[in-house]
Each structure stands twice: as structure tokens, then as C-alpha cells.
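To keep things clear, I will list the structure first and then write my remarks on it.
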Amino acid sequence: MSDISITLPDGAKRSYAVGITGGAIAGDISKSLGKAALAVKIDDRLADLSEPITSDASLQIVTIKDEADALELIRHDCAHIMARAVQEIWPDVKVTIGPVIENGFYYDFDRDEPFSTEDLAAIEKKMGEIINLRDTVRTEVWDRDRAIAFYEESGEPYKVELVGMIPEGEPIRMYWHGEWQDLCRGPHLAHTGQVPADAFKLMSVAGAYWRGDSDNTMLQRIYGVAFRNRQELKDYIHLLEEAQKRDHRKLGREMELFHLQEEAPGMVFWHPNGWTLYREVEDYIRRRITAAGYREIKTPQVVDRKLWEASGHWDNYQENMFIVEVDEDHAREKRINALKPMNCPCHVQIYNQGLKSYRDLPLRLAEFGSCHRYESSGSMHGLMRVRGFVQDDAHIFCTEDQIAAETESFIKLLSSIYKDFGFENYDIKFSTRPKVRAGSDEVWDQAEAALESAVQRVTNDYEIDPGEGAFYGPKLDFKLTDALGREWQCGTFQADFVLPKRLGAEYIGEDGAKHTPVMLHRAITGSLERFIGILIENYAGKFPLWLAPRQVVVASIVSDADPFVMKVVETLQATGLRAEADIRNEKINYKVREHSVGKVPVILAVGMKEVADGTVSMRRLGDKGSEVITLEEVTRRLTLEARAPDLV
RNA sequence: GCCGCUGUAGCUCAGUGGUAGAGCGCACCCUUGGUAAGGGUGAGGCCGAGAGUUCAAUUCUCUCCAGCGGCACCA
């Protein structure tokens with residue numbers, strides 16, 4: 001039998017018999033490495049220690065120190081161990097799939113009884129026992145018929161289905177954790193004892209549809225987190241707790257920004273503080289888009305169904321629309337209207353007034369458009385997903401030749417605006433033509449190329465979602481992440497070849513003939529509500545001065561200082577600062593604490609010393625100390641600092 | 001919409017088959033205190049809505065509504 005050459009990461013080459021396993025090589029290199037080995041990377045592919053190596057290869061022994069790979073293995077084995085634990089406790093439960101996810105893993109089970117919190121504790125305990133057994137993990141590749149027969153025999157219908165779905169030519173890999181068996185792509189650890197017994201935790205149970213399809217059975221998904229050691233788990237739990245403190249729903253209440261209530265689910269009651277923030281954001285966006293050549297418009301809320309029939313929404317979107325009817329007994333004529341779920345058809349109506357020339361294009365019509373959508377009850381989430389919201393919407397009517405330039409300038413505008421709001425990181429998704437679509441392939445080719453090349457001129461950091469475009473055109477989505485790592489689509493840029501034609505939009509071209517313009521739907525914040533929700537979490541409520549609803553509190557230390565406090569407040573207010581007085585009969589400690597909790601960026605304390613000198617004692621949110629400065633100086637500094645980024 | 005959990009004072013939460021309690025907040029009084037909670041007194045609840053079981057329901061059961069965690073959806 002001939003030997004094969006194994007190249008190690010340090011470049012050293014070793015010669016072994018064909019069929020040697022990574023585990024054996026690790027043990028050969030050193031006894032301790034053999035023990036520490038979790039898996040191997042054969043030619044950069046993560047594999048089991050037990051996998052025979054049959055040709056020359058580069059080899060890396062993966063140990064707990066290789067964070068990404070180790071976590072992947074630990075979490076994957078955790079999922080299997082959890083499934084084994086569940087089936088050991090409840091043998092009738094059917095197993096399905098259990099992948100690794102960010103920070104942990106889940107496994108979907110089919111069980112009639114719901115899993116309770118106590119059940120989770122029992123499963124965790126059983127998992128600890130399985131880990132302590134240090135059961136060997138072994139694997140075999142089976143042929144399809146044998147695997148299907150096996151799962152039919154053992155009463156695992158979901159596994160039968162999964163085996164059937166594995167493409168021809170791919171190995172059907174069977175794994176055993178001790179006696180417990182699962183179908184899995186692998187790789188896995190060498191034995192269950194390699195999972196750290198004190199570094200995982202089961203977090204929650206949730207419903208999830210089999211294969212992600214709401215027509216299928218709902219399974220029970222158990223989520224867990226897992227790390228390399230106890231400390232990492234503790235750190236993660238701590239991080240989670242900190243993130244929960246930034247929840248915009250919690251801060252919204254604490255900072256008196258907004259509230260939601262039962263009588264209007266998914267509709268926001270903005271309070272004075274929150275509305276101040278909202279207006280600050282809106283005013284800023286308005287200045288930016290005006291500077292970028294948009295014209296602002298305003299269109300109706302309640303629109304006759306005829307327009308929605310013409311636009312296609314009546315047929316395709318009706319279940320999400322609020323239908324408005326006038327009481328028949330009192331109305332002279334009965335009309336059925338809908339609250340607009342989006343602004344596009346209304347914008348086309350404005351475009352259609354008067355004959356347009358190619359010289360008018362690109363025409364950029366913008367609206368802070370109030371939209372209502374009847375979102376499903378389970379999908380609503382604080383400000384992030386609501387039923388009544390305002391889009392910073394705009395539609396650019398242009399020629400096909402203008403798409404590329406408009407796309408590029410939009411991306412630049414968006415990234416500049418996101419930066420001003422403190423968002424340096426966001427995901428860009430490029431969605432291409434779906435199977436069912438309108439428009440010719442040539443037009444799609446051109447539009448996709450225009451969008452993608454425009455993105456590439458700005459950044460290479462984007463993902464492609466093949467087939468995820470709208471039926472009317474390709475799109476770019478810009479996603480921001482909330483405190484708990486959930487992604488929310490905010491910005492969007494969509495080319496539309498359908499609606500302008502449907503609603504009869506035209507322009508007279510250079511050739512004197514009528515043409516249909518392309519319509520570019522675009523939004524930067526997506527919805528002001530959602531954007532502000534993320535903004536709150538991103539800043540943890542500690543807004544920069546220009547956005548802070550309450551910018552300055554001037555607090556008296558003794559009541560004899562009250563008149564000067566009022567003078568300071570008036571001076572600051574005269575420059576446009578949002579300043580308020582706190583001359584309550586409370587100690588300065590109390591006032592400082594209360595306004596710190598309220599996340600007021602600047603507290604100015606005034607005692608008799610300050611009155612005598614014409615100064616204030618300035619304390620910044622989060623700072624320990626304070627600084628005594630003159631009224632003139634503090635006014636100058638704060639006024640400067642409170643300017644919006646585009647006005648600096 | 002689906003699965004699970006939750007709904008008690010403005011907020012955070014205890015609690016019980018015999019119509020309720022804490023802390024914070026709020027009001028009033030005392031206190032004028034130098035940078036994250038001074039003290040006292042007091043007010044405040046249709047125990048999410050409806051129905052059922054029961055002598056009696058905030059408590060048990062059912063239905064509905066809303067919220068939370070997911071899933072699905074997200075022009």
C-alpha cells in the first residue's frame with residue numbers, strides 16, 4: 001500500500017499509509033494533541049477525526065483554541081445531544097433537524113405535548129449526563145434505500161423525508177452519539193464528552209413550521225446557546241441582559257417617547273419627547289432630500305378602490321389593506337375606499353397631471369407618506385413592525401438610461417445619511433429576477449446590471465438574493481440590526497417596469513413619441529417608526545445632542561438660585577436649544593440622578609457660587625465630574641454641538 | 001395567521017376560591033441640601049374583556065382581545 005503525504009499548517013510534511021485518520025495523525029504528532037483534537041480540516045474542509053484520508057492533503061488539527069470551528073462543532077453536537085436527551089426522556093417524540101445558528105443551536109421536534117420550562121430543565125440535566133458518558137461519535141455512509149428503510153422501521157417520518165431530499169450523488173451520512181442515531185451532514189466531535197458541560201443553556205421553546213412552510217405541521221423548536229467555556233456563556237448572558245436594557249420599547253416608556261395600546265394595535269401614540277425626536281429626524285431627511293433634488297408632495301390617505309384596482313393592489317394586496325366604507329344608511333352614495341398601504345399609485349397620479357417631456361426627467365417626487373397595512377397579529381413588534389407608519393418614500397420617474405446614475409447617487413445619499421445617524425454597518429441585499437415576473441429579459445438584464453454596477457461603484461460588501469426581486473423589477477435592500485441582533489429592512493431601492501405602464505404614465509421623448517418612464521421606488525429610513533426604533537437601540541437612548549428630545553436641564557441647588565436658573569434657561573432657549581428648568585425642592589443629588597436616568601445629555605447645576613460668578617456647573621451624561629463655565633461659553637458650545645450634522 | 005408564555009396601582013412585580021399588597025413614581029408637609037435616591041404623611045386597583053363552574057371567581061374552565069419569544073408573512 002502506498003503512502004500519502006500530509007502537509008501540516010507549519011509546512012512540515014509527514015508520510016502516512018492511505019486511509020489514516022486525522023485522529024491518528026493528531027495522536028502521532030503528540031499524545032496531548034491527540035487528546036485535544038476536536039476535528040480536522042482536510043484541505044480546509046472541516047471533517048471528523050475518524051474520516052480516512054486517502055490522498056495527499058493539507059491537514060489542520062482543530063482544537064478548542066480554534067474559536068470558529070470549535071464553536072461550530074460544539075453547537076452542532078449540542079443539538080444532537082439535546083435531541084438524544086429528548087428522545088431518551090420522551091421516546092415517542094419525532095426528530096427533524098437541528099442546525100447551528102448564531103451563538104447556539106436549535107432542534108425541531110414533533111411532540112403532541114408542549115415542552116414546558118420544567119421540561120427544558122430536565123432536558124438540560126439529561127444532556128449533562130450524556131456529556132458525562134463520553135460516548136463515542138461514529139459515522140457511516142449508507143445508501144438511500146437502506147437509510148429510508150431504517151427510518152421507516154424506527155418511526156421517524158421526517159427523517160424519511162429528509163433522506164429523500166438529499167440530492168443524488170451526495171453521501172447519506174448516518175451518525176451515532178453512543179447508541180442514539182441521527183442523519184447528519186457532519187462533522188462532529190469525537191465523543192460527547194468534548195462538549196463543555198457547563199457552557200450551554202437551553203433558552204426557549206417556540207413553534208416552527210416543518211421545512212419553513214406554513215402549510216406544514218408546526219413543530220416545537222428548542223433554542224439553546226453554547227460556548228467553549230463557562231465564562232464565555234456568562235459573558236454572553238451578560239451581553240444579552242445589557243442588550244435587553246436597550247430595547248426601544250423599554251426606553252420608549254422610560255424616556256416617555258411613545259406608547260402603544262390595545263385599542264390601536266400597531267399604531268403609535270407619540271409623546272412630546274418622542275415626537276421631538278421624530279421631527280428632528282424628519283426635518284433632517286427633508287433637508288437632505290431637498291438638497292438631493294427631490295420635490296416634496298403630499299397625497300391622500302383614503303383613496304377609492306378604483307385606483308387600487310388599476311394599480312393591482314386590490315387583487316394582490318387586499319388582505320393587508322384597511323378597507324374604509326361609509327355607513328350606507330347615512331351616505332348618499334356608497335363608495336369603497338382603502339387607506340393607502342403605499343404611496344406609489346398616488347405619486348403616479350401627480351406625475352400624470354400634465355404632459356411630461358424627457359426634459360422633465362428624472363423627476364423625483366418625495367413624500368413622508370403615512371401608510372396603513374393590516375399586518376398579521378403575530379408579526380407586530382414595537383416600532384419595528386407596525387400597522388400605521390410613515391415612509392420617507394420617493395419615486396423617481398426616469399428613462400432606462402438614467403437608472404444607473406440614480407441608483408448610485410441614492411446609495412451615496414443613503415450611506416451618508418446612515419453615517420450621520422451613527423450607523424456605520426448595514427447589510428445590502430441585491431434581489432434579482434424572480435421566476436414569475438413582468439417585463440422582457442432585455443429590460444431585466446439592463447436593470448439588474450444598472451443596480452449591481454451602481455452598488456459596486458460604492459461598495460463590494462453586498463449579498464445577492466437570487467430570485468428574490470419583486471415581480472416588477474430588481475431591488476436593493478438596506479438592513480439595520482437591532483439591539484438583539486435582529487435585522488430589519490430599512491432602506492430600499494426598487495426598479496419598476498410595470499406600475500408606470502399600468503397607470504398610464506408617459507413622457508414625450510426626444511423623438512416626439514410617447515414613452516413609458518421607469519419608476520424607481522426608494523426609501524432611506526423605510527419607515528420613520530422603524531428607523532427611530534433602531535436609532536433608540538443603537539444609541540441606547542443616549543442620543544447625540546442634536547437628536548436628544550431633552551437636551552439640557554438647568555437645576556438649582558438652592559432655591560435662591562432659581563431666578564438665575566430661569567435666566568439660563570431663557571438664554572439657551574433663545575438659541576433654539578431644548579432647555580428646561582428644574583427648580584423643584586429637591587437635593588441636587590436627586591435631580592442629577594433623575595435626569596441621568598432620563599438620559600438628558602447635559603445637566604447644568606446652579607448654586608449661589610454660580611449666581612455670583614454668572615457661571616454654570618456643566619455635567620455630561622455618564623461623566624463623573626463637572627465643569628464650571630460661563631453662561632456665554634456654555635451657550636456657545638451647546639448651540640454649536642446641537643446643530644444637525646448636515647448643518648455643521 | 002400558527003405554537004408557547006404572559007396580562008394585578010403610572011412603572012416593576014408579589015399574592016389569594018371569601019372583592020388585594022410591596023418598591024419606585026405621584027400629592028401634601030418638613031427639609032435649602034454642591035453632582036446618581038433626605039425624612040414623614042397620604043391618594044391611587046371593575047386583578048385585560050366576556051361567558052361558565054361555585055354559596056362565593058382576581059384566583060378554576062372556555063372564548064375573545066392585547067403583549068412577549070419564535071415560525072410564517074413582510075409591494
Side-chain angles (χ1 to χ4, degrees), chain A residues 106 108 111 113-117 119-120 203-223 244 247 249-250 253-254 256 259-266 311-313 316-317 319-321 341-345 371 373-382 384-385 391 393 468-473 475 477 484 486 488-489 492 494 496 498-499 521 523 526-527 530 555-562 583-598 603-610 617-628:
Chain A
Y106 68 77
D108 286 348
R111 181 192 182 213
E113 289 281 298
F115 288 111
S116 66
T117 315
D119 291 343
L120 288 195
M203 305 296 281
S204 61
V205 190
Y209 298 107
W210 166 238
R211 294 175 61 193
D213 186 336
S214 58
D215 290 336
N216 289 339
T217 321
M218 179 150 278
L219 306 168
Q220 293 188 65
R221 175 172 298 178
I222 302 180
Y223 283 95
Q244 272 153 5
D247 190 311
R249 294 165 297 189
K250 187 174 154 70
R253 198 168 41 244
E254 289 170 0
E256 297 178 67
H259 86 271
L260 297 146
Q261 68 184 50
E262 234 180 277
E263 289 78 1
S311 69
H313 290 95
N316 297 309
Y317 202 65
E319 72 215 31
N320 283 296
M321 288 163 70
M342 48 201 66
N343 308 297
C344 350
C371 295
R373 297 181 187 173
Y374 192 77
E375 300 288 357
S376 63
S377 55
S379 67
M380 286 183 291
H381 184 98
M384 305 301 199
R385 183 96 177 254
Q391 290 183 317
D393 205 359
E468 286 300 304
F471 77 94
Y472 52 73
K475 58 176 186 168
D477 289 328
L484 284 168
R486 294 177 282 225
W488 298 95
Q489 183 193 311
T492 188
Q494 310 179 6
D496 186 345
V498 175
L499 199 60
H521 308 251
S527 115
R530 176 178 289 182
S556 54
I557 295 169
V558 291
S559 53
D560 283 346
D562 291 354
I583 55 172
R584 291 175 302 168
N585 174 17
E586 295 290 351
K587 292 196 170 172
I588 191 64
N589 288 320
Y590 183 89
K591 294 182 184 181
V592 165
R593 179 185 145 78
E594 188 176 291
H595 300 124
S596 299
V597 169
I603 299 171
L604 302 179
V606 173
M608 291 322 286
K609 219 161 32 177
E610 286 75 17
S617 168
M618 177 163 75
R619 183 194 163 105
R620 311 295 305 224
L621 179 59
D623 281 4
K624 289 260 187 289
S626 58
E627 182 189 5
V628 177

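Lettering follows sequence order; numbering is per chain, from 1.
From A/R620, atom CZ reaches atom CD1 of A/I603 across 11.0 Å, with rounding to the nearest 0.5 Å. From A/L219, atom CG reaches atom CZ of A/R211 across 11.5 Å, with rounding to the nearest 0.5 Å. Rounding to the nearest 0.5 angstrom, the gap separating the CD atom in A/E627 from the CG atom in A/L604 is 10.5 Å. The distance from atom OG1 of A/T217 to atom OH of A/Y209, rounded to the nearest 0.5 Å, is 11.0 Å. Taken from CG in A/L621 to NE2 in A/H595, the straight-line distance is 12.0 Å, to the nearest 0.5 Å. Note: A/K591 NZ to A/I583 CD1 = 8.0 Å, rounded to the nearest 0.5 Å.
Phosphate contact (OP1/OP2 of B/A36, side-chain N/O of A/R619, threshold under 4.0 Å): present. Between A/R249 and B/G69 there is a side-chain N or O to OP1 or OP2 distance below 4.0 Å. Look at A/R584 and you won't find any side-chain N or O under 4.0 angstrom from OP1 or OP2 of B/U32. Contact annotation: A/H381 reaches the phosphate of B/G69 (side-chain N/O to OP1 or OP2, under 4.0 Å). Regarding contacts with the backbone of B/G69, every side-chain N or O of A/Y106 stays at 4.0 angstrom or more from both OP1 and OP2.
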Please determine whether salt bridge (charged side-chain N to carboxylate O under 4.0 Å, His left out) holds for the pair A/D247 and A/R249, giving the CA-CA distance in whole Å, both sets of side-chain angles, and the decisive distance to 0.1 Å.
CA-CA 5 Å; A/D247 190 311; A/R249 294 165 297 189; 2.5 Å; yes
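Listed for the A/D623 side chain is no donor-acceptor partner under 3.5 Å among the backbone atoms of A/G625. With hydrogens and angles disregarded, a donor-acceptor distance shorter than 3.5 Å links the side chain of A/Q220 to the backbone of A/R111. Not one N or O on the side chain of A/K475 forms a donor-acceptor pair closer than 3.5 Å with the backbone of A/H521. Checking side-chain atoms of A/R373 against main-chain N and O of A/P341 turns up a donor-acceptor pair under 3.5 Å. Although no hydrogens or angles enter the test, the distance criterion places no donor-acceptor pair under 3.5 Å between the side chain of A/E375 and the main chain of A/R385.
The C1' atoms of B/A27 and B/A66 are separated by 32 Å, rounded to the nearest whole Å. Rounded to a whole angstrom, the distance from the P atom of B/A56 to that of B/C71 is 46 Å. Between the C1' atoms of B/G33 and B/A20, the separation comes to 38 Å (whole Å). Taking atom P in both B/G40 and B/G23, the straight-line distance is 11 Å, to the nearest Å. Rounded to the nearest Å, the gap between the P atom of B/U58 and that of B/A51 is 12 Å. Nucleotides B/A14 and B/U59 place their C1' atoms 14 Å apart, quoted to the nearest Å. B/C68 and B/A57 are spaced 32 Å apart, taking the P atom of each and rounding to whole Å. Separation of the C1' atoms belonging to B/C2 and B/G44 is 40 Å when rounded to the nearest angstrom.
Among the atoms of the strands shown, none is found under 4.0 Å from any heavy atom of A/E319. Nucleic acid contact for A/G469: none, since no nucleic acid atom lies under 4.0 Å from a heavy atom of the residue. A/N320 comes within 4.0 angstrom of no nucleic acid atom, judged by non-hydrogen atoms across all strands. Among the protein residues, A/A470 comes within range of no part of the nucleic acid, since none of its heavy atoms lies under 4.0 Å from any strand. Residue A/M380 is classed as a sugar-phosphate contact, given heavy-atom separations below 4.0 Å to backbone atoms only.
Rounded to an integer number of Å, the gap from NE2 of A/H259 to P of B/G67 is 12 Å. Rounded to an integer number of Å, the gap from A/Q489 CD to B/C73 P is 14 Å. Following rounding to the nearest Å, A/D247 (CG) and B/G67 (P) show an atom-to-atom distance of 14 Å. Computed from coordinates, the A/N343 CG to B/A75 P distance equals 15 Å when rounded to whole Å. In this structure, A/K609 atom NZ and B/U35 atom C1' are separated by 11 Å, rounded to whole Å. Between the CG atom of A/D560 and the C1' atom of B/G33 there is a distance of 12 Å, rounded to whole Å. Taking atom CG of residue A/D215 and atom P of nucleotide B/C71, one finds them 18 Å apart after rounding to whole Å. Atom NZ of A/K587 is separated from atom P of B/U32 by 9 Å (rounded to the nearest Å).
Not a single donor-acceptor pair, N or O on each side, falls under 3.5 Å between the base of B/A36 and the side chain of A/H595. Taking 3.5 Å as the limit, the base of B/G25 and the side chain of A/E594 contain no donor-acceptor pair of atoms between them. Contact annotation: side chain of A/R373 to base of B/C73, donor-acceptor pair absent below 3.5 Å.
Counting heavy-atom neighbours within 6.0 Å of A/Q489 CD, excluding the residue itself, gives a total above 12.
Closest to the A/R486 side chain, of the nucleotides B/G69, B/C71, B/C74, is B/G69. Here the side chain of A/E586 is nearest to one of B/C71, B/G38, B/C74, namely B/G38. The A/I557 side chain lies nearest to B/G34 when the options are B/G34, B/A75, B/U35. Considering only side-chain atoms of A/Y223, the nucleotide from B/A36, B/G70, B/C26 that sits closest is B/G70. Residue A/R593 places its side chain closer to B/A36 than to any other of B/G25, B/G70, B/A36. Among the nucleotides B/A75, B/G34, B/A37, the one closest to the side chain of A/I588 is B/G34.
A/Y472 places none of its side-chain heavy atoms less than 4.5 Å from the side chain of A/L499. No side-chain heavy atom of A/E594 sits under 4.5 Å from any side-chain heavy atom of A/E586.
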Starting at the 5' end of RNA chain B, what dot-bracket string do you get if Watson-Crick and G-U pairs under 3.5 Å are bracketed, crossing pairs use [ ], other-strand pairs use | and unpaired bases use dots?
(((((((..((((....[..)))).(((((.......))))).....(((((..]....))))))))))))....
Every protein N/O lying under 3.5 Å from an N/O of nucleotides 11-13 of chain B:
residue : atom : partner : partner atom : Å
B/C11   : O3'  : A/R253  : NE           : 3.4
B/U12   : OP1  : A/R253  : NH2          : 3.0

Hey, what are the protein-to-nucleotides 1-10 of chain B N/O distances that come in under 3.5 Å?
residue : atom : partner : partner atom : Å
B/G1    : OP2  : A/S377  : OG           : 2.6
B/G1    : N7   : A/G378  : N            : 3.2
B/G1    : N2   : A/Y209  : OH           : 2.5
B/C2    : O4'  : A/Y209  : OH           : 3.3
B/C3    : O2   : A/G207  : N            : 3.1

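Mapping A/R530 and A/S617 onto RNA chain B by nearest heavy atom places A/S617 at the nucleotide closer to the 5' end. RNA chain B is contacted by both A/Y472 and A/G625; A/G625 maps to the nucleotide lying nearer its 5′ end (nearest heavy atom per residue).
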